[in-house]
Amino acid sequence: MNEFIDISVLVRQGMPIWPGESGVILDRVKSLDAGDSSNSSRLSMSIHSGTHVDAPFHFLPSGKKIDEMDLDIFIGPVRIIHMLFQDRITSADLISLNLPPDTRRLLFRTKNSDFWKQSPNTFQPDFVGLTEDAAEWVADSAIELVGIDYLSIQPYNDASQTHCILLQAGVAILEGLDLTHVEEKEYDLICLPLRLLGAEGAPARAVLRKCQVP
Ligand SMILES: [Zn+2]
């Protein structure tokens, strides 16, 4: 049995991107087949394509940049919550979970995860996100990281302050996850955002390690 579940999405040309962002370019610039001495590729993408972390600087002018964030919060126990029938995740949904008060990390598996399987895979504006009151509930809790299975924690075309409330409270935001194969239980999260100088976020590889049953 595989000990790890990869919850990152595949970075590739043609992957869904946020409206207005430039698409992913991943192409071969040197090729053994063409007689070059090696294969070598070029990658150009928005930080907010695929699996990524938002740093506070994404929305807060004096917020921390990705290279200033502490890695501790990205590695450790994480609780997966299934919200498979909700169109929005509200504070009432979160209260009804009766989470242990020391919960530090939460990932939401919603119907969004199915979007990654669609072909052709275009941006889906009707994805599930957290309402402002849910963000306020998280900000008032011990939670330091939240994650969601599409490109934003905040619903599309929503004037709410979901991002700002979370980032202001120092809550790390992990977006663009694929939680299709993840059960509703506790795992260990290992997520490493790229160390980009001065950036408002970074692409990340994120995996879950199955917790050992004692
Ligand atoms: Zn983002």
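For the single chain, residues carry numbers from 1 onward in sequence order. For ligands, and for the atoms within them, numbers begin at 1 and follow the listed sequence.
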Problem set entry | Joint hydrophobic cluster, Leu177 plus Leu151, side-chain heavy atoms closer than 4.5 Å | no
Exercise. Please state the angle at the Zn ion (ligand 1) spanned by NE2 of His52 and ND1 of His48: what is it, rounded to 10 degrees?
Worked result: 90°
Atom pairs and distances, side-chain donor-acceptor, residues 182-196, under 3.5 Å, sequence neighbours left out:
residue, atom, partner, partner atom, Å
Glu184, OE2, His82, N, 2.8
Glu186, OE1, Arg79, NH2, 3.3
Tyr187, OH, Glu183, N, 3.0

Problem set entry | ring pair (Phe, Tyr, Trp, His ring centres under 6.0 Å) contacts touching residues 87-122 (sequence neighbours left out) | Phe115-Tyr150, Trp116-Tyr150
Exercise. What N/O/S atom of Asp54 is the closest to the Zn ion (ligand 1)?
Worked result: OD1
For this session: Give the atom name of whichever N/O/S atom in Glu175 sits closest to the Zn ion (ligand 1).
Result: OE1
Exercise. Below 4.0 angstrom, N of the basic side chain to O of the carboxylate: do Lys111 and Asp114 qualify?
Worked result: no
